[in-house]
Amino acid sequence: MILGIESSCDDSSVALMDAQTYELKFYKKITQEAEHSKFGGVVPELAARLHTAALPNLIEEISPYFKDIQAVGVTNEPGLSVSLIGGVSVAKSLCVALGVPLIGVNHLIGHIYSLFLDRQITLPLGVLLVSGGHTMVLNIGENGIIKVIATTSDDSFGESFDKVAKMMNLGYPGGAIIEKLAQNGDAKRFKFTVPLKHDKRIEYSFSGLKNQVRVEIEKLGELSEADKSDIAVSFQNSAIEHILDKLEKIFGEYKFKNFGVVGGASANLLLRSKLQILCDKFGSNLMYAPLKYCSDNAAMIARVATSKYQNSKFTQVGELAIKPRVNLDGMSV
Ligand code: KG4
Ligand code: ZN
């Protein structure tokens, strides 16, 4: 079995995967959302402290499987350094104690593999990665090499939901809260423009949209429940139309046969339904991960580690470094 450990942001998670069949033998996640909620976002020092408390308990739970573990995979990039260090330290100690090899895993490649938890990866593949930290469109070639086609120049898609929720004192994370509120909203009341609509650049930007929302909230002063729902629906529509507007141009050029949407915000049902329409138009097969594995989790990390184990891609315990930021362009899956 391969052990996967994830602690790049505000979730501590471990998973055990059968290295031959990809079957998940154990999976658990301890999320810190409730603790960060009152601050409207992740507080790094608090996240680090909570990982330090949660990870030893998770490792204790898998101790009956210690004798079956053949390698330990851990997220070492990208993420909050104070969070990454928790998982990486535990992984290194376990490798030394159990005498098994260590495997460093890129968190974003983990999200890509959330589409293929129990099977071989399909290539070539187009990917929309929408999370709290990233908004990217990728083209992964037959050879597994990643090309970054589009990225965001400021906030990420998920982060913009979090910030809009924070402006209305709705808690963290904002994505699911905004999506739910939007169901009761009047989409005609507020007209938020779609970012970069008449701009030829193939990139994303959510800070202007966020500021349009801020101006409306300041004008309204005290917000009623109806105000919140009306803002949520118009904001969500503009943010998703922005994603689709640029994607349509990208599809025109890349004509993806297979297209996957991954990351925490891929749980958004309106986004999924709009992507389905786009994929149908271009004859593309749309893939998404089970809802449980859209947000951060160790199952996807164990899955990447299993592939790397099969290809003997190990890292020396003394050499595995933490990298808060990485450029995916040119990396391979
Ligand atoms: O992948 P993830 O769990 O963590 C990162 O790696 O960032 O993604 C979390 C992000 C948060 O910003 C959250 O608000 C967003 O995903 N999110 C959503 C939805 N569910 C989660 N955004 C929009 N609609 C949703 N239903
Ligand atoms: Zn993530």
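Both backbone and side-chain heavy atoms feed into the values below; hydrogens, waters and symmetry mates do not. Order of listing sets the numbers, starting from 1, for every ligand and every atom in it. All of these numbers come straight from a predicted model, not from anything done at the bench.
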Return all side-chain donor-acceptor pairs below 3.5 angstrom for residues 81-91, not counting sequence neighbours, or 'none' if the list is empty.
{"residue": "S83", "atom": "OG", "partner": "C9", "partner atom": "O", "Å": "3.0"}
{"residue": "S89", "atom": "OG", "partner": "I85", "partner atom": "O", "Å": "2.6"}

Next on the checklist: Under a 4.0 Å threshold between the charged nitrogen and the carboxylate oxygen, would D162 count as salt-bridged to K166?
Outcome noted: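 Not counted as a salt bridge, because no side-chain N and carboxylate O are separated by less than 4.0 Å.
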Checklist outcome for this item: Nearest heavy-atom contact between V42 and H36 is CA-ND1, 3.6 Å
Next on the checklist: If the criterion is any heavy atom closer than 4.0 Å to an atom of ligand 1, which residues make the list?
Outcome noted: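 Near ligand 1, by chain and number: H107, H111, S131, G132, G133, G158, E159, F161, D162, P173, G174, G175, A176, E179, G263, G264, A265, N268, S295, D296.
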Checklist entry - Would C9 count as a contact for the Zn ion (ligand 2), in the sense that one of its N, O or S atoms lies under 2.8 Å from it? => result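 Short answer: no, not a single N, O or S atom is under the cut-off.
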Checklist outcome for this item: For the Zn ion (ligand 2), the nearest N/O/S atom on H111 is atom NE2
Item to check | Of all N/O/S atoms in D296, the name of the one nearest the Zn ion (ligand 2) | outcome: OD1
Checklist entry - Should the ring pair F190 and F192 be called parallel, tilted or perpendicular, given that the plane angle runs from 0 to 90° and is split at 30 and 60? => result parallel
Output a table of donor-acceptor pairs, distance under 3.5 Å, between side-chain atoms of residues 124-135 and any protein atom two or more places apart or on a different chain; print 'none' if there are none.
{"residue": "S131", "atom": "OG", "partner": "G133", "partner atom": "N", "Å": "3.3"}
{"residue": "S131", "atom": "OG", "partner": "H134", "partner atom": "N", "Å": "3.1"}
{"residue": "T135", "atom": "OG1", "partner": "F157", "partner atom": "N", "Å": "2.7"}

Taking only distance into account, with no hydrogens and no angle test, what donor-acceptor pairs under 3.5 Å do side-chain atoms of residues 172-181 form with protein atoms, sequence neighbours excluded?
{"residue": "Y172", "atom": "OH", "partner": "D10", "partner atom": "OD2", "Å": "3.3"}
{"residue": "E179", "atom": "OE2", "partner": "L269", "partner atom": "N", "Å": "2.7"}

Item to check | N268-Q236 side chain donor-acceptor pair, cut-off 3.5 Å | outcome: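 Their side chains do contain a donor-acceptor pair, which is all the 3.5 Å distance test asks for.
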